[in-house]
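Down below is the structure, laid out as structure tokens.
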Amino acid sequence: MNNVRIVSTGSSVPELIITNDMLSKLVDTSDEWITTRTGIKNRRVSVDKDTSDLATEAAVSCIKKASVKAEEIELIIVATVTPDMFTPSTACIVQNKIGAFKASAFDINAACSGFIYGVDVAKSLLGCGRFRNALVIGAECLSKITNWEDRSTCVLFGDASGAVYMEVSDKPGIMKISTGAEGDKGNSLLSGALKPNNPFNRNNTSPYKDHFVKMNGQEVYRFATRVISESIKDIFEEFNLTEKDIKLIIPHQANLRIIEFASKKLNISIDKFYINLQDYGNTSSASIPLALNEAFEKGMISEGDKVIAVGFGGGLTYGSLLIQF
Ligand code: ACO
């Protein structure tokens with residue numbers, strides 16, 4: 001198998017910042033409740049851009065940093081639960097917008113673990129020689145599936161995108177990826193799809209009235225705290241690592257309490273965890289590449305550094321990644 005490395009990163013967020021105080025005028029909540037229960041202060045909401053627009057902006061900035069021309073890209077994978085439409089896929093829309101006409105393009109849906117799943121698929125296809133490079137993008141307009149009248153969920157989510165450009169390489173690059181799913185717990189985080197609608201089935205048997213996110217917060221919390229801790233522990237044990245060996249851990253940015261739980265349970269300093277959920281909330285598949293790009297832009301990751309990323313979310317799914325840059 002070829003080694004595969006992440007060469008560059010990019011991201012894009014909408015301009016509009018929605019503060020906790022702004023939300024407290026929409027629903028019965030407060031800055032104090034949201035901050036203490038989640039750590040979130042602000043989130044971005046798209047007014048005029050769709051998921052493919054944010055994905056395109058992240059892709060353009062990412063490939064510019066890698067000094068790669070769009071027509072050289074061979075594979076585009078977009079991880080999203082909020083595509084512009086069912087078809088064409090968001091990846092095909094991005095392919096067209098950036099002019100990557102030689103690329104194969106498709107979307108995947110693994111909710112908040114979608115970026116890790118996307119990197120896993122791309123790494124496998126590059127590793128076996130099918131393609132030589134890939135763009136993997138996590139992009140969401142979660143504001144489209146947010147019920148702005150439900151205080152238990154509307155305070156959590158935001159819109160964003162992040163991208164990585166990956167190439168076959170001599171360097172170690174992506175040292176380990178694992179993914180998993182617990183479909184038996186899928187009902188704890190739902191967003192409905194199309195209802196049956198044909199002349200032969202007038203009884204709408206779908207239990208879902210709308211496409212808004214519905215979440216059993218405590219069940220997801222229990223799942224998230226378990227898998228984030230196990231995923232990081234497994235990587236540390238498999239590679240015989242200590243905290244000093246890792247430059248940063250980039251967790252899915254769902255809730256500060258989940259990250260603090262993992263930090264305490266694993267006895268790893270909270271400073272090792274990159275946290276930007278206070279600015280963007282939970283942006284599902286965009287959250288890890290957005291944070292990774294931000295960490296690079298702040299100069300927090302240098303060549304040779306090892307970074308762990310961990311995702312968890314709808315499905316329920318989870319995944320983790322050990323990268324040497
Ligand atoms: N403002 C004020 N009060 C609220 C709000 C709000 N925004 N939301 C809920 N409440 C109330 C509830 O109605 C409840 O009131 P009651 O006691 O009178 O019934 C009380 O606050 C406690 O509600 P809980 O749901 O028990 O609150 P909890 O402490 O569990 O926090 C939260 C909720 C933040 C959602 C937490 O369960 C959580 O973080 N779960 C994990 C969810 C998550 O991380 N999801 C993302 C992972 S998956 C993905 O990324 C898509």
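Here the structure is a predicted model, which is why all the values come from computation and not from measurement.
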Thr225 side-chain N/O to Arg222 backbone N/O, donor-acceptor pair under 3.5 Å: yes
Salt bridge (Lys or Arg N to Asp or Glu O under 4.0 Å): pairs with one or both residues in residues 4-28, sequence neighbours excluded: Asp28-Arg151
Worked check of salt bridge (charged side-chain N to carboxylate O under 4.0 Å, His left out) between Lys233 and Glu237: CA-CA 6 Å; Lys233 185 166 162 273; Glu237 283 179 1; 3.6 Å; yes
Shortest non-hydrogen contact from Ile228 toward Ala262: CG2-CB, 3.8 Å
Qualifying residue for side-chain hydrogen bond (donor to acceptor under 3.5 Å, both in side chains) with Glu140, from Thr283, Thr80, Thr51: Thr80
Distance-only donor-acceptor check, side chains Asn42 and Thr19, under 3.5 Å: no
Summary of ring pair (Phe, Tyr, Trp, His ring centres under 6.0 Å) pairs that have at least one residue in residues 269-294, sequence neighbours excluded: none
Contacts of type salt bridge (charged side-chain N to carboxylate O under 4.0 Å, His left out), residue Glu238, not counting sequence neighbours: Lys176
Main-chain N/O of Leu23 paired to Trp148 side chain as donor or acceptor, under 3.5 Å: no
No-hydrogen, no-angle side-chain donor-acceptor test under 3.5 Å, Lys214 and Thr153: no
Closest contact, heavy atoms only, Ala309 versus Ile288: CB-CG2, 3.8 Å
Contacts of Asp245 that satisfy salt bridge (charged side-chain N to carboxylate O under 4.0 Å, His left out) - sequence neighbours left out: none
Considering all heavy atoms, the nearest Thr82-Cys141 contact: OG1-N, 2.9 Å
Shortest non-hydrogen contact between Ala160 and Leu54, atoms and distance: N-CD1, 3.9 Å
Of all pairs that satisfy ring pair (Phe, Tyr, Trp, His ring centres under 6.0 Å), the ones with a partner from residues 231-266, not counting sequence neighbours: His252-Phe312
Test: Glu182 and Lys185 ion pair at under 4.0 Å: yes
All salt bridge (charged side-chain N to carboxylate O under 4.0 Å, His left out) counterparts of Glu149, not counting sequence neighbours: none
Residues which pass ring-ring contact (aromatic ring centres under 6.0 Å, His included) with Tyr221, listed by chain and number, not counting sequence neighbours: none
Minimum heavy-atom distance Ala58-Ser161, with the two atoms named: CB-OG, 3.3 Å
Partner set under side-chain contact (heavy atoms from CB on, under 4.5 Å) for Ser269, not counting sequence neighbours: Glu243, Asp271
Asp150 side chain to Ser152 side chain, donor-acceptor N/O pair below 3.5 angstrom: yes
Exam field: side chain Asp84 to backbone Thr90, donor-acceptor pair closer than 3.5 Å: no
Criterion salt bridge (charged side-chain N to carboxylate O under 4.0 Å, His left out) on Glu32 and Arg37, from CA distance to verdict: CA-CA 8 Å; Glu32 198 268 332; Arg37 300 286 179 129; over 6 Å; no
Check: Ala100 main-chain N/O paired with Gln95 side-chain donor or acceptor under 3.5 Å: yes
Lys49 side chain to Val47 backbone, donor-acceptor under 3.5 Å: no
Transitive ILVMFWY cluster of Val68, excluding itself - 4.5 Å side-chain cut-off: Val7, Val60, Ile63, Ile73, Ile76, Val78, Val94, Ile98, Leu135, Ile137, Tyr165
Over 12 non-hydrogen atoms of neighbours within 6.0 angstrom of NZ in Lys265: no
Residues which pass side chain to side chain donor-acceptor pair (under 3.5 Å) with Ser169, listed by chain and number, not counting sequence neighbours: none
Arg132 side chain vs Glu74 backbone, donor-acceptor pair below 3.5 Å: no
No-hydrogen, no-angle side-chain donor-acceptor test under 3.5 Å, Thr56 and Asp53: no
Distance-only side-chain donor-acceptor flag, Ser188 / Asn216, under 3.5 Å: no
Smallest separation among heavy atoms of Ser61 and Gly10, with atom names: OG-CA, 3.3 Å
Check against side chain to side chain contact (heavy atoms under 4.5 Å, CB included), Leu277 and Asn282: CA-CA 7 Å; Leu277 58 83; Asn282 177 349; over 6 Å; no
Pairing residues for Ser30 by the side chain to side chain donor-acceptor pair (under 3.5 Å) criterion, not counting sequence neighbours: none
Short N-O contact, Asp159 and Arg43, less than 4.0 angstrom: no
Pairs touching residues 84-143 that satisfy ring pair (Phe, Tyr, Trp, His ring centres under 6.0 Å), sequence neighbours left out: none
Asn3 side chain vs Gly173 backbone, donor-acceptor pair below 3.5 Å: no
Flag if over 12 foreign heavy atoms under 6.0 Å of CG, Asp184: yes
Lys123 vs Asn2, side chain to side chain donor-acceptor pair (under 3.5 Å): CA-CA, chis, key distance, verdict: CA-CA 9 Å; Lys123 180 187 182 293; Asn2 299 318; over 6 Å; no
Distance-only donor-acceptor check, side chains Gln253 and Ser287, under 3.5 Å: no
Donor-acceptor pair between Asn133 and Glu167 side chains, under 3.5 angstrom: no
Under-4.0 Å salt bridge between Glu72 and Lys102: no
